[in-house]
Peer 1: 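Pasting a structure below so you can have a look.
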Amino acid sequence: MALKAVIFDLDGVIVFTDKFHYQAWKKMADRLDIYFDETINNRLRGVSRMDSLDIILERYDKEPLSLAKKEELASQKNDEYRELLKTMTPDDVSDEVRETLAEIRKRGYKIALGSSSRNAKFILERVALTDAFDEISDGTNISKSKPDPEVFLKGAEFLGEKPEDCLVVEDAEAGIDAGIAGGMKTAAIGEAVGCGKADYALDTFQDLLKILV
Ligand code: BG6
Ligand code: MG
């Protein structure tokens, strides 16, 4: 079956906001005296904000926190994360990514974003990339985060394409699982290559042009 559209994850694929997530979660973890490192941070890729908090709190050994307290912590983390996002500029998207996205569109494929982040539109504006996407499916239009396929299924629906005609590009195993669960083709880049579950493994972003001929 010929591919007609590509649905991109954002963090870790198009931009590298994962380091900002790490810094903001690390601050919160330090305040609560919880151990947190890059390995635990890798488990947060593609996972919603509240689910990420629950993963970090697995190592919290004091009294269980109320939902209100957890919401306060997540909101504080998000405020700190957004302060870091404000430092982003169009230079935070590589020429390779910009040119590859333009070429994919030139070749006739539709392009959507499929990100668990509620900050996705803000990030795309910061890096001047909103126009590269025909549709945006993000954390604001889903109730279940990856590995549930909802964000990608919504992306395909917004594009008017069948899931099986879409290629999902992901740096997270949870995202590859979501693409597979949605009946889509999958391409892994970065961390996700190691899980070995994707249809394609990309060494570089522009390797997509070998798949999307
Ligand atoms: C995903 C990230 O894109 O968005 C996750 O990979 C993050 O690490 C999730 O937790 C939610 O992001 P936000 O911006 O809504 O807190
Ligand atoms: Mg990602």
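The chain is numbered in sequence order, starting from 1. When a ligand or atom number is given, it counts from 1 through the structure's own listing order.
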Peer 1: Does either side chain, that of H21 or that of D11, offer a donor lying less than 3.5 Å from an acceptor on the other one?
Peer 2: yes

Peer 1: So do the side chains of W25 and R49 get within less than 4.5 Å of each other, counting heavy atoms only?
Peer 2: yes

Peer 1: R49 heavy atoms, cut-off 4.0 Å: which ligand 1 atoms fall inside?
Peer 2: 11 (C), 13 (P), 15 (O), 16 (O)

Peer 1: With a cut-off of 4.0 Å, which atoms of ligand 1 are near a heavy atom of N119?
Peer 2: 13 (P), 14 (O)

Peer 1: Please tell me whether F205 and F8 form a close aromatic pair, meaning their ring centres lie under 6.0 Å apart.
Peer 2: yes

Peer 1: Can you list the atoms of ligand 1 that are under 4.0 Å from a heavy atom of R118?
Peer 2: 13 (P), 14 (O), 15 (O)

Peer 1: Is there a side-chain contact between R43 and S52 (heavy atoms, below 4.5 Å)?
Peer 2: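 Answer no - side chains too far apart.
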
Peer 1: Within the 4.0 Å heavy-atom shell around Y81, which atoms of ligand 1 are there?
Peer 2: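 What qualifies from ligand 1 is 14 (O).
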
Peer 1: Taking the side chain from S115 and the backbone from D9, do they hold a donor-acceptor pair closer than 3.5 Å?
Peer 2: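 Answer holds: no.
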
Peer 1: Backbone or side chain, does any N or O of S52 fall under 3.5 Å from an N or O of ligand 1?
Peer 2: yes

Peer 1: Give a yes/no verdict on whether any heavy atom in L44 is under 4.0 Å from an atom of ligand 1.
Peer 2: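 Judged by the 4.0 Å heavy-atom criterion, L44 does count as contacting ligand 1.
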
Peer 1: Please work out whether any backbone atom (N, CA, C, O) or any side-chain heavy atom from C-beta onward of S115 is under 4.0 Å from ligand 1, and answer side chain, backbone, both or neither.
Peer 2: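 Near ligand 1, S115 shows its side chain, while the N, CA, C and O stay back.
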
Peer 1: Using every non-hydrogen atom in the two residues, find where A5 and L159 come nearest and quote the distance to one decimal.
Peer 2: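 Looking at all heavy atoms of both residues, the closest pair is CB-CD1, 3.7 Å.
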
Peer 1: Provide the atom name of the closest N, O or S atom of D171 relative to the Mg ion (ligand 2).
Peer 2: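 Minimum-distance N/O/S atom of D171 relative to the Mg ion (ligand 2) is OD1.
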
Peer 1: Identify, by name, the N, O or S atom of D11 lying closest to the Mg ion (ligand 2).
Peer 2: O

Peer 1: Just heavy atoms, cut-off under 4.0 Å: does V47 contact ligand 1 by side chain, backbone, both, or neither?
Peer 2: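 It is the backbone that touches ligand 1; the side chain stays farther off.
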
Peer 1: How many angstroms lie between atom CG of N42 and atom CG of D37, to the nearest 0.5 angstrom?
Peer 2: 9.0 Å

Peer 1: Find out whether the Lys NZ or Arg CZ of R59 is both under 6.0 angstrom from the six-membered ring centre of F36 and within 45° of the ring's axis.
Peer 2: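 No, R59 does not sit over the ring of F36.
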
Peer 1: Could you tell me which atoms of ligand 1, counted from 1 in the order shown, lie closer than 4.0 angstrom to a heavy atom of R45?
Peer 2: 6 (O)

Peer 1: Would you say S117 and ligand 1 have an N/O pair spaced under 3.5 Å apart?
Peer 2: yes

Peer 1: In D9, which N, O or S atom comes closest to the Mg ion (ligand 2)?
Peer 2: OD2

Peer 1: Answer yes or no: is there a side-chain heavy-atom contact under 4.5 Å between L57 and K70?
Peer 2: yes

Peer 1: Show which atoms of ligand 1 fall inside a sub-4.0 Å distance from at least one heavy-atom site of D11.
Peer 2: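 Result: 1 (C), 2 (C), 3 (O), 4 (O), 6 (O).
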
Peer 1: Less than 4.0 Å is my threshold; does some heavy atom of G46 fall inside it relative to ligand 1?
Peer 2: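 Heavy atoms of G46 do come under 4.0 Å of ligand 1.
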
Peer 1: Would D18 count as a contact for the Mg ion (ligand 2), in the sense that one of its N, O or S atoms lies under 2.8 Å from it?
Peer 2: no

Peer 1: Kindly compute the distance separating OG (S117) from OH (Y81), expressed to the nearest 0.5 Å.
Peer 2: 5.0 Å

